[in-house]
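For reference, the structure discussed in these notes is given below.
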Amino acid sequence: MKMDRLIGILSLLLQQEKVTAPELARRFEVSRRTIQRDIDTLCRAGIPLATTQGAGGGISILEGYRVDRTLLTGPEMQAILAGLRSLDSVSGSRQYALLMEKLSAGSGTLPPCGSELLIDLSSWYKKSLPPKIQQIQEAIGQHRTVCFLYFSPREESVRTVEPYSLVFHWSAWYLWGWCRRREDFRLFKLNRMTRLSVGEPFSPRSAPLPDLEPERVFPANYRVTVLFEPSWRWRLVEEYGPDSFTREPDGRLRFSGSFPDGESALGWVLTFGEGAELLEPAELRARLRAVAQTLADRYKGRE
C-alpha cells in the first residue's frame with residue numbers, strides 16, 4: 001500500500017498548489033508521521049518538494065518542476081480510473097478504486113465514479129486465481145523462485161521458475177519467467193498451475209519481453225476446410241471475423257483456417273456437433289469418422 005499512497009500523494013501535489021500534512025493523513029487514513037516519512041521518500045526519489053510552516057503553509061512541489069494540471073483531461077483520467085478498477089477485478093478488492101476516489105475528492109479533473117468504460121479482467125476462477133497472482137507478485141518483487149505442478153497438453157511436470165512478469169493476454173493470465181527445467185524463458189498459464197509455492201532467492205538475469213505474436217505462441221501449421229450450418233455464423237464471426245467464410249449455394253458456410261496441429265483442429269470441429277462437416281484434409285476426416293464411430297458404440301443401447 002505504501003507505493004499506492006506515494007502515487008496518490010504525488011498526484012494530489014500535481015493538482016493542487018499546496019496540501020497540508022493533516023489533510024494528507026486524513027485522506028489516506030494514516031498518521032502525520034507516516035505522511036512525513038512518505039514526503040522524505042519522495043524527496044529521496046528526486047521529487048523537489050518544499051514544506052512551509054504557519055498559516056497558509058503546507059507541502060508543495062517547487063516552482064518550475066510542476067506539471068501542468070491540464071496535461072490530463074477528464075476523459076483521459078477516466079481511462080486511467082477504468083484501468084485501475086480493472087486491477088481490482090483481478091484481486092477481488094476495491095484497493096485501487098478507493099485510491100482514485102480519495103484523489104478525486106474535491107477535484108473537477110478526476111471523475112469520482114464514472115462508468116463510461118468498464119474493464120473486468122476476472123475469470124471463472126475468481127477464487128483460485130487471485131491468490132496465485134498475489135503469490136507471484138510477491139515472488140517477483142523479492143526475486144524468489146516459484147515452484148508448481150504444471151499441466152500442459154503433452155505432460156504433467158513440476159517446474160521451478162524465476163518469475164519476471166505477469167501477463168494478461170488472450171483473455172487469460174500467464175507467468176513469464178526463466179524455466180530451470182527448459183533453461184529458457186517460457187510462458188505459463190496460471191490456470192494450469194497447482195501446488196504453487198515460493199522458493200529460494202535468485203539473482204535476476206536480463207529478461208527479454210515475451211513475444212506474444214499468435215504465430216509465435218500458436219503456430220498455424222495445419223490447414224482445414226469445414227462446412228458449417230448457417231446457425232453457426234455468429235460463432236465464426238466472433239472467433240475469426242465476418243470475412244473468414246463464404247456462403248455455399250445450399251446456404252452452408254465454407255470455412256478455411258489453420259491450427260497448430262490436427263488435435264487442435266479436431267477438437268474445435270467437434271464442438272460444433274452436427275453443425276459442422278470436415279472436408280479437408282482427408283486423414284483428419286478419417287480420424288473424425290473413427291471418433292464418431294467410437295462415440296456411437298459407447299452410447300449405443302444405453303437407455
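Everything numeric here is computed off the predicted structure, so don't read it as measured data.
- Within a 6.0 Å sphere centred on CZ of Arg32, heavy atoms belonging to other residues, nucleotides or ligands number 12 at most.
- With Thr52 contributing its side chain and Gly58 its backbone, the two residues share a donor-acceptor pair below 3.5 Å.
- Judged by distance alone, the side chain of Lys189 and the main-chain N or O of Tyr174 form no donor-acceptor pair under 3.5 Å.
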Q: Applying side chain to side chain contact (heavy atoms under 4.5 Å, CB included), run through Ser165 and Ile140 and close with a yes or a no.
A: CA-CA 7 Å; Ser165 302; Ile140 292 174; 5.5 Å; no
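- Ile136 contributes atom CD1, which lies 5.0 Å from atom CG of Leu166 (distance to the nearest 0.5 angstrom).
- With respect to the salt-bridge test (charged N to carboxylate O, under 4.0 angstrom), the residues Arg180 and Glu200 qualify.
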Q | Verdict with supporting geometry, Asp38 and Thr41, side-chain hydrogen bond (donor to acceptor under 3.5 Å, both in side chains) | A | CA-CA 5 Å; Asp38 290 341; Thr41 299; 5.1 Å; no
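- Of all the heavy atoms in Cys179 and Phe188, the pair that sits closest is CB-CZ, 3.8 Å.
- Annotation: side chain of Glu156 is not in contact with side chain of Arg192 (no heavy-atom distance under 4.5 Å).
- Seen from the ring of Trp178, Arg205 counts as a face-on cation partner, given the 6.0 Å and 45° thresholds.
- Partners of Gln135 by side-chain contact (heavy atoms from CB on, under 4.5 Å), not counting sequence neighbours, listed by chain and number: Leu196, Val198.
- Residues Lys132 and Leu175 are not in side-chain contact: their nearest non-hydrogen atoms beyond the backbone lie 4.5 Å or more apart.
- Looking at residues two or more places apart in sequence or on another chain, you find a side chain to side chain donor-acceptor pair (under 3.5 Å) between Thr34 and Ser31, Arg37.
- Counting only heavy atoms from C-beta outward, the side chains of Ser157 and Phe151 never approach each other to under 4.5 Å.
- In this structure, a donor-acceptor pair under 3.5 Å is present between the side chains of Ser256 and Thr225.
- At a threshold of 4.5 Å between side-chain heavy atoms, the hydrophobic network of Ile, Leu, Val, Met, Phe, Trp and Tyr places Leu209 and Trp173 in two separate groups.
- Leu236 and Ser244 get closest at one heavy-atom pair: O-OG, 3.8 Å.
- The two residues Val237 and Pro242 have their closest heavy-atom pair at CG2-CA, 4.1 Å.
- With ring centers used as reference points, Tyr164 lies 6.0 Å or more from Trp176.
- Using a 4.5 Å cut-off on side-chain heavy atoms (C-beta onward), Phe148 and Thr160 make no contact.
- Annotation: cation-pi geometry not satisfied between Arg144 and Phe202 (NZ/CZ under 6.0 angstrom from ring centroid, within 45° of ring axis).
- When every heavy atom of Pro281 is checked against every heavy atom of Val224, the shortest pair comes out as CD-CG1, 3.8 Å.
- Under the 4.5 Å side-chain criterion, counting only non-hydrogen atoms from C-beta, Leu129 is in contact with Leu190.
- Scanning all heavy atoms of the two residues, the minimum distance from Ala139 to Val146 falls at CB-CG1, 3.6 Å.
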Q.
Applying side chain to side chain contact (heavy atoms under 4.5 Å, CB included) to Arg235 and Thr271, what does each step give before you reach the verdict?
A. CA-CA 11 Å; Arg235 186 168 162 189; Thr271 64; 2.9 Å; yes
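- A 4.5 Å side-chain heavy-atom check between Glu229 and Glu277 finds every atom pair outside the cut-off.
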Q: Decide yes or no on side-chain hydrogen bond (donor to acceptor under 3.5 Å, both in side chains) for Arg223 and Ser258, but give the supporting numbers first.
A: CA-CA 4 Å; Arg223 193 161 185 83; Ser258 298; 3.1 Å; yes
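- Listed by chain and residue number, Arg252 satisfy the side chain to side chain donor-acceptor pair (under 3.5 Å) test with Asp250 (two or more places apart in sequence, or in another chain).
- Here the closest heavy-atom approach between residue Val167 and residue Pro210 is recorded as CG2-CG, 4.3 Å.
- Between Phe228 and Phe272, a ring centre-to-centre spacing shorter than 6.0 Å is recorded.
- With rounding to the nearest 0.5 angstrom, the OG1 atom of Thr194 is 11.0 Å from the OH atom of Tyr150.
- Salt-bridge check for Glu155 with Arg181: passed, with a basic side-chain N closer than 4.0 Å to an acidic carboxylate O.
- The ring-ring contact (aromatic ring centres under 6.0 Å, His included) search around Tyr240 returns Phe255, Trp268, not counting sequence neighbours.
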Q.
For Ile59 and Lys18: C-alpha separation, side-chain torsions, deciding distance, then whether side chain to side chain contact (heavy atoms under 4.5 Å, CB included) applies.
A. CA-CA 5 Å; Ile59 305 165; Lys18 197 171 294 183; 5.8 Å; no
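- Of the inter-residue distances, the one linking Leu42 atom CG with Leu49 atom CG reads 5.5 Å to the nearest 0.5 angstrom.
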Check: residues 282-291 side-chain donor-acceptor pairs under 3.5 Å, at least two apart:
| unit_1 | atom_1 | unit_2 | atom_2 | d |
| --- | --- | --- | --- | --- |
| Glu283 | OE2 | Tyr222 | OH | 3.4 |
| Arg285 | NH1 | Leu278 | O | 2.5 |
| Arg287 | NH2 | Glu263 | OE2 | 2.1 |

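- Grouped by direct or indirect side-chain proximity (heavy atoms under 4.5 Å, Ile/Leu/Val/Met/Phe/Trp/Tyr only), Leu279 sits with Leu227.
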Q: For side chain to side chain contact (heavy atoms under 4.5 Å, CB included), just list the numbers for Trp232 and Leu253, CA-CA rounded to whole Å, side-chain angles, deciding distance to a tenth of an Å, and then say yes or no.
A: CA-CA 9 Å; Trp232 287 108; Leu253 310 174; 5.8 Å; no
